[in-house]
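First up is the structure itself, then whatever we jot down about it.
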4 protein chains.
Amino acid sequence: MSDREDILVGDFPFVPKQERAQQKRNALLESGHMLFFSKGYEHTTAKEIAAHAGVATGTFYRYFSDKRQLLMSLLEDKLDKLLPPEPSWLSCDPEALLASLLEAHNDRLKEVGLRRVLPELLPKDPELAEVLSVARRKIHGRILSGLKQVSECGLTWKDLDMDTVTWSIMVLAENGPDKEKQSGKQADYHELAKVMCRMVFPPDILKKLRTEEKSPAE
Amino acid sequence: MSDREDILVGDFPFVPKQERAQQKRNALLESGHMLFFSKGYEHTTAKEIAAHAGVATGTFYRYFSDKRQLLMSLLEDKLDKLLPPEPSWLSCDPEALLASLLEAHNDRLKEVGLRRVLPELLPKDPELAEVLSVARRKIHGRILSGLKQVSECGLTWKDLDMDTVTWSIMVLAENGPDKEKQSGKQADYHELAKVMCRMVFPPDILKKLRTEEKSPAE
Amino acid sequence: MSDREDILVGDFPFVPKQERAQQKRNALLESGHMLFFSKGYEHTTAKEIAAHAGVATGTFYRYFSDKRQLLMSLLEDKLDKLLPPEPSWLSCDPEALLASLLEAHNDRLKEVGLRRVLPELLPKDPELAEVLSVARRKIHGRILSGLKQVSECGLTWKDLDMDTVTWSIMVLAENGPDKEKQSGKQADYHELAKVMCRMVFPPDILKKLRTEEKSPAE
Amino acid sequence: MSDREDILVGDFPFVPKQERAQQKRNALLESGHMLFFSKGYEHTTAKEIAAHAGVATGTFYRYFSDKRQLLMSLLEDKLDKLLPPEPSWLSCDPEALLASLLEAHNDRLKEVGLRRVLPELLPKDPELAEVLSVARRKIHGRILSGLKQVSECGLTWKDLDMDTVTWSIMVLAENGPDKEKQSGKQADYHELAKVMCRMVFPPDILKKLRTEEKSPAE
DNA sequence: GATGAATGAGGATTCATTCAT
DNA sequence: CATGAATGAATCCTCATTCAT
């Protein structure tokens, strides 16, 4: 890939094997993702994935031991990207924070893509279930840790269990945007953020937080 | 079927054909339900359902044209039972009301059983999606109508959109109890009810409601 | 069946079992015939035959040991009816005779109905093949015997083998009328009769025969 | 593929994929042909065909979408080979000509092999019927065209319809040789040729034709 | 005798996975 | 390493036949 190499070898297969391989692997992952999402896991054949990725059927099995493993690789990829950033409610407008939390949902569209296939597999695949469970616990933990910070400052409802609140936020965020077609009635982002904030902050405190948040900027 | 006959023949095999047939049909529905729930739709074969119901493979096809049709029958059965009763927040302790709403979830265990298979099929089956969508709209409408009553009395938060609140309640109720295994962290009923109430009522009004509710009993 | 019985029992199930049974048996045969003809043997189910005959599935098996046996019964019925009458070429206009031979084909429509299913079964069923073979030999024999009469009078071509001629007539008659759709070009009855006569009689003899034939009537 | 290569590599497994595939496809066609012929279409399973061709069940479906398609391919193959050569009655002994026409029957054994399954399928499969009809029309046309030549020279019977004669020849040729088992009485080639000639030529003309035909050779 | 529900073997077809080239 | 043909187990579904009522 260095200049010299280019000069020496010209255009000859200069893409290192590794790189080519990675390309193929990724193409397969992409194809798998898209096809699993659009047709479901069982209805997607290895042949299709390979064809869609532009490789031969057999090649699929050079990169993945089987269909399931491709799915697992997909999960590893995606689950990491799902982890929301450690939220710090105090440093910004809480509603704005939730905006980002819900915006993270855009990337979560992909996860939902995976959620599409999970119900199909979870009961048959305890390992998969475990992987997923771990991921959700991680997310839960991160949200909870943020809530605890504000909670310790006495800024949250005293009578609500932060654990339950955390769980509620998570569930609402997960089911929010794209479930619209199922419910017929879609939740709008802004209103949803307000409802979530209400679960966390008493109205007066929230008002103060939103005001203060502007001050530091001054 | 007359009284006398009953006395004379007791329970002797006189069950009418129709009844026998219904029994079998139900056995198949039951088996389908359980197997779809525990193994997923795709992983359940007609043969298995039949075997589990104690009949031969061919018998399955006497009662259902195929797996999908069994699922649809299951849905028709269950969806009706899912409709929560029109809630009247004023006539009782709101938290108690939510208790019942969440308790209705026990029956909903079955629905959740179905929900288990729905994500697997919804994208592939627009008809199914429509059926489900109608059902959810019905539920949403019923909850919302209850909220509007209290809202018109000025008892709810003025700054929250009741539609969004309705949707949140529905989602939380749906995902509540049995998702525990996926989230690792389970929501406890009582706390969940409190959170839900907070989305609807300002704390002082809720207190009043709960107190008043006792008065009539006095 | 006696008068007295009629008087005694009035209108009560007075159709003797035997008669009722015969009716059903015939209904089944009819239905079998029609369905085998229109859908083929393999594609016709016992259930269909029964339904079409207005009886229950099980009843089918009271009258016939199985589907095949119904077919055999059908054959016995039909094959007899196929036997053409002993032809006597001298007693009438040969072409008129062939008219009747070919007209007998109208009734043979039914046989052709059977021919429809035969190719399907012959290779699997040597017994059936034998039955059919016997029938064809019978027909062949009868035609041949007629030809021999005129042949012995020296009225036929001397250089043709009557056996072959017989066979040709039979084949042409069998494949004649209704095969039209397959050949696209249909044979017309009258012309076909002329061709057949040419295989048997020299033109001058035929002319004489047709003239003489009128004389006796005078 | 150069000469040298051939010499060097000999017959080493260099058979191109295509060739191997063709081999298999042909094996399947062969097996299908033989089995359809010996057991009938309905009684032959895809599995059997595959087994007989020495491949696995699934392989069958790589080459043919289903049983029916294999049959259609068979037809395409065979029907072309069935077309008899344009006959020219004047250039040779008519009976010799018919010899060849009937000898073409050897290849027709195969077609008859197909005819074996056709009656089974024709009524159920209009497309198949059409294909066959076209083929028969072609054959009919070719025979007729030959007859017209001699007819225009005034060499044929004046009172017979050449169309009907054509049709008769075709039918006799088609049903000739292998129907023996059904009729019990088989037509012998030579005699059959004589009968056919009689349908076309008056005896004296035929004699002349056969004599003339020798002169040119002198 | 009649009924029709139940049976289960059997055929068509698909697809994950392997392996010779 | 890539290829894609081959495999054959597994599924869906049908239907001839039986048998309890």
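Residue numbering restarts at 1 for every chain, and letters A, B, ... go by the order of the sequence lines.
- Paired regions of DNA chain E, where each region holds three or more successive Watson-Crick or G-U pairs whose two hydrogen-bonding distances fall under 3.5 Å, are E:2-21 with F:2-21.
- The backbone N or O of B:T45 sits less than 3.5 Å from a side-chain atom of B:E48, completing a donor-acceptor pair.
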Under 3.5 Å, which donor-acceptor pairs link side chains of residues 64-71 of chain B to any protein atom two or more places apart or in another chain?
{"from": "B:D66", "atom 1": "OD1", "to": "B:R68", "atom 2": "N", "distance (Å)": "3.4"}
{"from": "B:D66", "atom 1": "OD1", "to": "B:Q69", "atom 2": "N", "distance (Å)": "3.1"}
{"from": "B:K67", "atom 1": "NZ", "to": "B:Y41", "atom 2": "O", "distance (Å)": "3.2"}
{"from": "B:K67", "atom 1": "NZ", "to": "B:T44", "atom 2": "O", "distance (Å)": "2.9"}
{"from": "B:R68", "atom 1": "NE", "to": "B:D125", "atom 2": "OD2", "distance (Å)": "2.4"}
{"from": "B:R68", "atom 1": "NH2", "to": "B:D125", "atom 2": "OD1", "distance (Å)": "2.9"}
{"from": "B:R68", "atom 1": "NH2", "to": "B:D125", "atom 2": "OD2", "distance (Å)": "3.1"}
{"from": "B:R68", "atom 1": "NH2", "to": "B:E127", "atom 2": "OE1", "distance (Å)": "3.1"}

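- At the heavy-atom level, C:S65 lies nowhere under 4.0 Å from the strands shown.
- Considering CZ of D:R25 and CZ of D:F60, their distance stands at 10.5 Å, rounded to 0.5 Å.
- The side chain of A:R62 places no N or O atom within less than 4.0 Å of a non-bridging phosphate oxygen (OP1 or OP2) of F:dC1.
- Both C:D66 and B:A46 sit near DNA chain F, but only B:A46 has its closest nucleotide nearer the 5' end.
- A straight line from CG of C:L71 to P of F:dA16 spans 13 Å, rounded to a whole angstrom.
- A close approach under 4.0 Å does not occur between any side-chain nitrogen or oxygen of A:Y61 and OP1 or OP2 of F:dT3.
- In this structure, C:K67 does not reach the F:dC15 phosphate: none of its side-chain N or O atoms is under 4.0 Å from OP1 or OP2.
- The CG atom of A:D77 sits 9.0 Å away from atom CD of A:E30, with the distance rounded to the nearest 0.5 Å.
- Within residues 48-57 of chain A, the residues approaching DNA chain F are A:V55, A:A56, A:T57, by heavy-atom distance under 4.0 Å.
- Between B:F64 atom CZ and F:dC13 atom C1' there is a gap of 16 Å when expressed in whole angstrom units.
- Residue B:Y63 places at least one side-chain N or O closer than 4.0 Å to OP1 or OP2 of E:dA6.
- Residue A:Y63 comes nearest to A:A21 through the heavy atom pair OH-CA, 3.5 Å, listed as atom of the first residue, atom of the second, then distance.
- Residues that satisfy the side chain to side chain donor-acceptor pair (under 3.5 Å) test with B:T59, not counting sequence neighbours, are absent from this structure.
- Distances shown here put every side-chain N or O of B:K24 at or beyond 4.0 Å from the OP1 or OP2 atom of E:dA5.
- Between C:T59 and E:dT3, a side-chain N or O to OP1/OP2 separation shorter than 4.0 Å is present.
- Using modelled atom types, one side-chain atom of C:E120 and one backbone atom of C:E42 make a donor-acceptor pair closer than 3.5 Å.
- Straight-line distance from the NE2 atom of B:H43 to the P atom of F:dC12: 12 Å, rounded to whole Å.
- In this structure, B:L74 CG and B:F37 CZ are separated by 12.5 Å, a value rounded to the nearest 0.5 Å.
- When rounded to the nearest whole Å, the span between CG of D:N26 and P of F:dA5 equals 16 Å.
- In this structure, the side-chain contact (heavy atoms from CB on, under 4.5 Å) partners of C:A27, at least two apart in sequence or on a different chain, are C:A53.
- Here E:dG11 presents its C1' atom at 12 Å from OH of D:Y41, a figure rounded to the nearest Å.
- Here E:dG10 presents its P atom at 12 Å from NZ of B:K47, a figure rounded to the nearest Å.
- Across the protein-nucleic acid pair, A:E42 atom CD and F:dT11 atom C1' stand 12 Å apart, rounded to whole Å.
- Shown here are the side-chain contact (heavy atoms from CB on, under 4.5 Å) partners of A:R62, two or more places apart in sequence or in another chain: there are none.
- Between D:L28 atom CG and F:dT7 atom C1' the separation is 14 Å, expressed in whole Å.
- Both B:G58 and D:F60 lie near DNA chain E, and the one whose nearest nucleotide falls closer to the 5' end is B:G58.
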